[in-house]
There are 2 protein chains.
Amino acid sequence: MTTADTVWPESIGAELDRTGPVPLYFQVSTRLEHEIRAGNIAPGARLENEIAIAERLGLSRPTIRRAIQELVDKGLLVRRRGVGTQVVQGQVTRQVELTSLYEDLDNAQQGPATRVLEHEVRPADPASATALGVTEGSDILYLRRQRLTGTTPIAILENYLPADLADLDRDELEQRGLYQLLRARGIAIRIAKQKIGARRAEGDEHALLGTERGGPVLTMERIAFDNTGRAIEFGHHCYRPDMYTFETTVVAR
Amino acid sequence: MTTADTVWPESIGAELDRTGPVPLYFQVSTRLEHEIRAGNIAPGARLENEIAIAERLGLSRPTIRRAIQELVDKGLLVRRRGVGTQVVQGQVTRQVELTSLYEDLDNAQQGPATRVLEHEVRPADPASATALGVTEGSDILYLRRQRLTGTTPIAILENYLPADLADLDRDELEQRGLYQLLRARGIAIRIAKQKIGARRAEGDEHALLGTERGGPVLTMERIAFDNTGRAIEFGHHCYRPDMYTFETTVVAR
DNA sequence: TAGTGGTCTAGACCACATG
DNA sequence: ATGTGGTCTAGACCACTAT
């Protein structure tokens, strides 16, 4: 039964692929997300109840629940026991995903560019050694890059990587983002721990960013781990605050 | 069967409460998180497989999976198909939760204090009206507060709230965090959308923060929604960058 | 009282990683 | 070949909300 004021686009149930590798819950959540972002389901609208959706699609309730949960976690839907599931009021914004700045810019189609300023294998200083979980003084790869969008500098990126990843060369790094290159080597970043802060520009940073000497910069420090829990990359970066902000959606548990 | 090199603290299965309101998956995940944070399960250690754990605890596999998933989402565990579930290498840090700065400081036992600088009902300017989803010029509550830890200023907080929440008074706001007061009124924040950035200190900010004129400040802008998706609070805040950073753990899906 | 989401069970089959 | 997590089913009972 569908009560009068609930919503469910028929197209979501059309031609679900049960043979391919894409999970059913993911097919459903992807299509539902698309309908919401396209505005085909209005903010505040109530979805049909889970059991009705499950029957309509010929799926089980846990599968539907999982699809809905994906969008709850993204901040697109809100569930209330005894009431139902609703589309969130308020503008939908992009999530901070586990991607690199390069990919952010690439997706925004602003034509990212990279200049490799430094690229050398050097002994690990105490901070980098601790972050990467290697012994102090052992070889690590140090990178310093300037990131631009078009001709406007946006960030200065400093990274430290374990020595066995030192085969990344300058040309590759000017053409691709670091995470893209790592993925191409079969290394997937699974978890990252980040600290975001601010400070004055130091040294040559104001020159590289095209800002005033001693002006503010937005900073991020990150340690990234692969799916074995091994530290893959330690970085501290600074961004032009008039060109870049971090956006997040936080959902209460 | 337990293979030789897997781990499972017996205490986790002891005295699970099937009658109370606390879900079984939550009881399990809480205890497991405690064992990991206490160091009783070493980083890199592999847990028993899910079916074995389920049998050992007399629970179903989906319940165990959900408990484990909670900690995967927190960045404490990593799962690999065909391999198993492992404790992440690398230090465990605190999560950015959906709490207010007051509670962060309170938990850190640094003795938070608040000075209410401004507290008045005024017509909504365009930016606040858009953020809160009210019509421009309608009444909203404007707050400006200075937050300190001990006697050191940490942040300047500016908030805009719908007029029906204007019964928050000065004294309350000096004693409690804003989110605590809202919760006490039965309003739970469910989703927040945040932007983090940096800029120079403006106006009287350097004086209120005890920093240099024109020095850098860390900024956060936030719109918070309750469980109906209604906008409850719009704020833009600035923080002393030497006293405060934002920490996040990001987990790939 | 009726309807909703929240939790839980006891299985099943599959894809993937490892030896 | 074996063991692991990933997905899915078809139910069940409960707590909460609204009328």
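Everything numeric here is computed off the predicted structure, so don't read it as measured data. Per chain, numbering begins at 1; letters A, B, ... match sequence-line order.
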In terms of the nearest nucleotide of DNA chain D, which residue is placed more toward the 5' end: Ile68(B) or Phe26(A)?
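Its nearest nucleotide being more 5', the pick is Ile68(B).
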
If you check the Glu50(B) side chain, which of dG6(D), dG6(C), dG11(C) turns out closest?
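Taking heavy atoms from C-beta onward, the closest nucleotide is dG6(D).
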
Only one of Arg81(A), Arg56(A), Arg61(A) forms a salt bridge (charged side-chain N to carboxylate O under 4.0 Å, His left out) with Glu50(A), so which one is it?
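So, applying the salt bridge (charged side-chain N to carboxylate O under 4.0 Å, His left out) to Glu50(A) and each of Arg81(A), Arg56(A), Arg61(A), only Arg61(A) qualifies.
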
Protein heavy-atom contacts under 4.0 Å, written 5' to 3' over nucleotides 13-19 of chain C as B (base), S (sugar-phosphate only) or - (none), form the string --BBS--

Could you tell me the separation between the [atom1] atom of [X] and the [atom2] atom of [N], rounded to a whole number of Å?
X: Arg190(B); N: dG5(C); atom1: CZ; atom2: C1'; result: 11 Å
X: Leu77(A); N: dG5(C); atom1: CG; atom2: C1'; result: 13 Å
X: Gln69(A); N: dT7(D); atom1: CD; atom2: C1'; result: 16 Å
X: Gln86(B); N: dG5(D); atom1: CD; atom2: P; result: 11 Å
X: Leu16(B); N: dT9(C); atom1: CG; atom2: P; result: 10 Å
X: Ile64(A); N: dG11(D); atom1: CD1; atom2: C1'; result: 16 Å
X: Ile51(B); N: dT9(C); atom1: CD1; atom2: C1'; result: 14 Å
X: Asn227(A); N: dT4(D); atom1: CG; atom2: P; result: 18 Å

May I ask you to verify if any side-chain N or O of [X] is less than 4.0 angstrom from the OP1 or OP2 atom of [N]?
X: Arg18(A); N: dT9(D); answer: yes
X: Thr63(A); N: dT7(D); answer: no
X: Arg65(B); N: dG6(D); answer: yes
X: Arg66(B); N: dC8(C); answer: no
X: Ser60(A); N: dG11(D); answer: no
X: Asn49(B); N: dT4(D); answer: yes
X: Tyr25(B); N: dC8(C); answer: no

In plain terms, say whether [X] and [Y] are close enough for a salt bridge, that is, a side-chain N and a carboxylate O under 4.0 Å apart.
X: Arg122(A); Y: Asp139(A); value: no
X: Asp164(B); Y: Arg230(B); value: yes
X: Arg185(B); Y: Glu172(B); value: yes

Classify the side-chain pair Arg145(B)/Asn159(B) by whether it contains a donor and acceptor separated by less than 3.5 Å.
yes

Hey, are Arg46(A) and Gln86(A) close enough side-chain-wise for a donor-acceptor pair under 3.5 Å?
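No - no donor-acceptor pair under 3.5 Å links their side chains.
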
Output yes when a side-chain donor or acceptor of Thr63(B) lies under 3.5 Å from a complementary backbone atom of Leu59(B), and no otherwise.
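Between the backbone of Leu59(B) and the side chain of Thr63(B) there is no qualifying donor-acceptor contact (under 3.5 Å).
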
Do side-chain atoms of His237(A) reach the backbone of Glu158(A) as a donor and acceptor pair under 3.5 angstrom?
yes

Just call it for Leu24(A): base, sugar-phosphate, or nothing, with non-hydrogen atoms closer than 4.0 Å on any strand.
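The answer is sugar-phosphate, as Leu24(A) gets under 4.0 Å only of primed atoms, P, OP1 or OP2.
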
More 5' along DNA chain C: Thr85(A) or Pro62(A), using each one's nearest nucleotide?
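Nearest-nucleotide comparison on DNA chain C picks Thr85(A).
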
Let me check I have this right: for DNA chain D, each base becomes ., (, ), [, ] or |, based on Watson-Crick or G-U pairs with both distances under 3.5 Å. What is the full string?
||||||||||||||||||.

Measure centre to centre between the rings of His236(A) and Tyr160(A), then say whether the value is under 6.0 Å.
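Ring-ring flag for His236(A)/Tyr160(A): true, centres closer than 6.0 Å.
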
Could you pull out all residues at least two apart from Glu70(A) that satisfy side-chain hydrogen bond (donor to acceptor under 3.5 Å, both in side chains)?
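With neighbours one apart ignored, the set is empty.
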
